[in-house]
Amino acid sequence: MTGRKRYPERVATGGARDGGPGPGSAGAGGAPVDGTARPGAGGDGPEAPEAWRGSESPVAPRGPEAPAASRGSESPVAWRVPEAPAASRGPESPVAWRVPDALSARVPAEQRGSGRDDVRLLVSRGCAVSHHAFRELPGQVRAGDVLVVNTSMTLPAAVNGRVGGERVVVHFSTRGADGRWAVELRAPGRAGATGPRPGGPAGAVVRLPGGRALVLEEPLGPVAGARLWWARTPERVPELLRRYGRPIRYGYTERDQPLSAYRTVFATPSPDGSGSAEMPSAGRPFTAALVAGLVRRGVLFAPLSLHTGVASAEAHEPPYPERFAVPAATAWLVNAVRAARGGDRAAGGRVIAVGTTAVRALESAAGADGVVRQAEGWTDLVVTPRRGVRVVDGLLTGLHEPEASHLLMLEAVAGREALRLGYEAALQERYLWHEFGDVHLILPDEERDAPNCFSNEW
């Protein structure tokens, strides 16, 4: 969720969510569907859907079509750069600190250690903090827990271009319902770095490799200073990206990495070629062997998708609308796990989201009654302490910058005091930040006599 950081420069090859950059990101085009998902039918009945009983991962069934007022093809101007809702704006960040440059993970874990899973795991159980290797994750969860994972595949979303005689780097953020794409134009800098560039103007032609071009049509927000613009391109963008694109990456990384470094073990191609502009990075440390070990322990996996857009490298924007899908099988499994434990969370399985994107998608499909229903469409949900979470019990995520809007979501799950203690420990023990860095497992404190540190008072 996603959005949600501030960095001095971005270089075109790879970015991320869930511990990588972005307080806000441009989500998949079109206007949101009334703030959250429009749920589809079913998904919470007593019998598991047929797709869940097979040996393959369930495929997200199609949800109902968004009403005309919400479809980007008919009202693209309605999708504007969002303002952080009043409920999300506290008097200060949940945590107040600065991340030293030395704690930025500059290369993938497998290039500085023995594999993707060779990262550290900070565990917060309420206010109690402990330190582990990520490979010890099976010992930190229990049989019956369900890990909700984002299967969106990272796209090679950065392409070189020219506007007249000016060189630019085009970051393809998201596809709208009318076939247009939201794009950000960046100014190339030294050593592959890019910097901010004013968007537009309307009608500007951006020349792309292979004799192709796109035309900027209108901004996603006020014209003055607009970062993201709707653009018309004559060619199917996924094919263009396959031929000429490279991952978006950020200035703290040491060098370019192959696209495979920005894809998780859960990534699944979409039939229409859609995917994420930046990696849902909380799932990056998982390997096939680790997943198998978790399954042997009795841990369940529930897939969903949320296609992330381009984060704002310089501004603190709240999350943009993004396209997501929660399959009926995933809705059924989450509801079944919650129902089996009754009102005692300590007595049964927990719903643990792998990444802020998984939280945003799952909570968008949950009603006020706490029941998850199959859903597919756009979400502009921003999870804050005041809104809270209806379904998620725990969260596995990366480490976020103090300005990141993601921290409001973490505070909603953990509580402010638990979050503060966890980040103080991460700094003291020199954990690594960003998409190639270490991860943080936030779990509820289930001890009956434990002190209550879940306070979101502002």
Side-chain angles (χ1 to χ4, degrees), residues 4-5 18-20 90 92-100 102-105 109 113 117-142 145 147 281-286 290 294 297 299 345-346 349-356 358-359 383 385 388-389 392-404 406-457:
R4 43 262 128 279
K5 315 185 180 94
D18 303 327
E92 58 184 16
S93 171
V95 288
W97 34 259
R98 186 185 67 83
V99 180
L103 299 188
S104 292
D117 57 357
D118 193 6
V119 298
R120 300 170 72 189
L121 176 66
L122 176 73
V123 178
S124 293
R125 282 187 172 82
C127 288
V129 177
S130 58
H131 306 281
H132 308 268
F134 185 75
R135 290 164 181 161
E136 298 173 38
L137 179 62
Q140 302 304 312
V141 293
R142 63 189 182 217
D145 284 345
L147 298 184
S281 58
R284 191 183 191 280
F286 286 87
L290 184 62
L294 287 162
R297 185 173 176 81
V299 175
R345 185 164 55 187
R350 299 160 298 186
V351 178
I352 302 172
V354 178
T356 58
V359 174
V383 177
V389 287
V392 171
D393 300 310
L395 172 61
L396 179 70
T397 184
L399 294 166
H400 302 274
E401 293 280 359
E403 301 94 344
H406 291 311
L407 287 175
L408 293 172
M409 178 186 290
L410 270 62
E411 186 180 349
V413 176
R416 175 167 290 202
E417 182 65 8
L419 190 60
R420 181 186 67 80
L421 292 171
Y423 272 74
E424 284 182 355
L427 286 167
Q428 183 175 352
E429 297 297 325
R430 302 189 65 78
Y431 277 69
L432 296 181
W433 260 250
H434 308 311
E435 65 266 32
F436 297 141
D438 299 317
V439 287
H440 186 191
L441 177 62
I442 299 170
L443 294 173
D445 188 344
E446 295 166 349
E447 293 293 330
R448 297 293 190 272
D449 300 321
N452 179 18
C453 67
F454 193 98
S455 173
N456 291 322
E457 294 296 328

Problem set entry | Option passing side chain to side chain contact (heavy atoms under 4.5 Å, CB included) with M409 (candidates T397, V392, V359) |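 Answer after filtering T397, V392, V359: V359.
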Problem set entry | From L122, L121, V439, L103, residue fulfilling side chain to side chain contact (heavy atoms under 4.5 Å, CB included) relative to Y431 |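 Running side chain to side chain contact (heavy atoms under 4.5 Å, CB included) over L122, L121, V439, L103 with Y431 returns exactly one hit, L122.
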Please check if the side chain of [X] supplies one atom and the backbone of [Y] the other of a donor-acceptor pair under 3.5 Å.
| X | Y | answer |
| --- | --- | --- |
| W433 | A105 | no |
| R125 | S130 | no |
| D393 | I352 | no |
| R350 | L443 | no |

First locate atom [atom1] of [X], then atom [atom2] of [Y], and finally report the distance between them rounded to the nearest 0.5 Å.
| X | Y | atom1 | atom2 | answer |
| --- | --- | --- | --- | --- |
| L396 | L441 | CG | CG | 5.5 Å |
| H434 | H400 | NE2 | NE2 | 11.5 Å |
| S281 | F436 | OG | CZ | 9.0 Å |
| L399 | R120 | CG | CZ | 10.0 Å |

Minimum heavy-atom distance between [X] and [Y], given as atom pair plus value:
| X | Y | result |
| --- | --- | --- |
| L427 | P100 | CD2-CD, 4.1 Å |
| A109 | V119 | CB-CG1, 3.5 Å |
| L147 | L294 | CD1-CD1, 4.1 Å |
| I442 | A414 | CG2-CB, 3.4 Å |
| V99 | P402 | CG2-CD, 4.3 Å |
| D445 | G126 | CB-CA, 3.6 Å |

For this session: Kindly determine whether Y423 and H440 satisfy side-chain hydrogen bond (donor to acceptor under 3.5 Å, both in side chains), including the steps that lead there.
Result: CA-CA 9 Å; Y423 272 74; H440 186 191; 4.8 Å; no
Exercise. How about L419 and S124: do any of their side-chain heavy atoms sit closer than 4.5 Å?
Worked result: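 No, too far: nothing below the 4.5 Å cut-off.
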Problem set entry | Candidate pair E424 and V129, rule side chain to side chain contact (heavy atoms under 4.5 Å, CB included), full reasoning | CA-CA 10 Å; E424 284 182 355; V129 177; over 6 Å; no
For this session: State whether the number of non-hydrogen atoms from other residues, nucleotides or ligands found under 6.0 Å of R430 atom CZ is greater than 12.
Result: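 No.
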Exercise. Tell me the salt bridge (charged side-chain N to carboxylate O under 4.0 Å, His left out) pairs involving residues 126-138, sequence neighbours left out?
Worked result: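 Residue pairs passing salt bridge (charged side-chain N to carboxylate O under 4.0 Å, His left out), neighbours aside: D117-R135.
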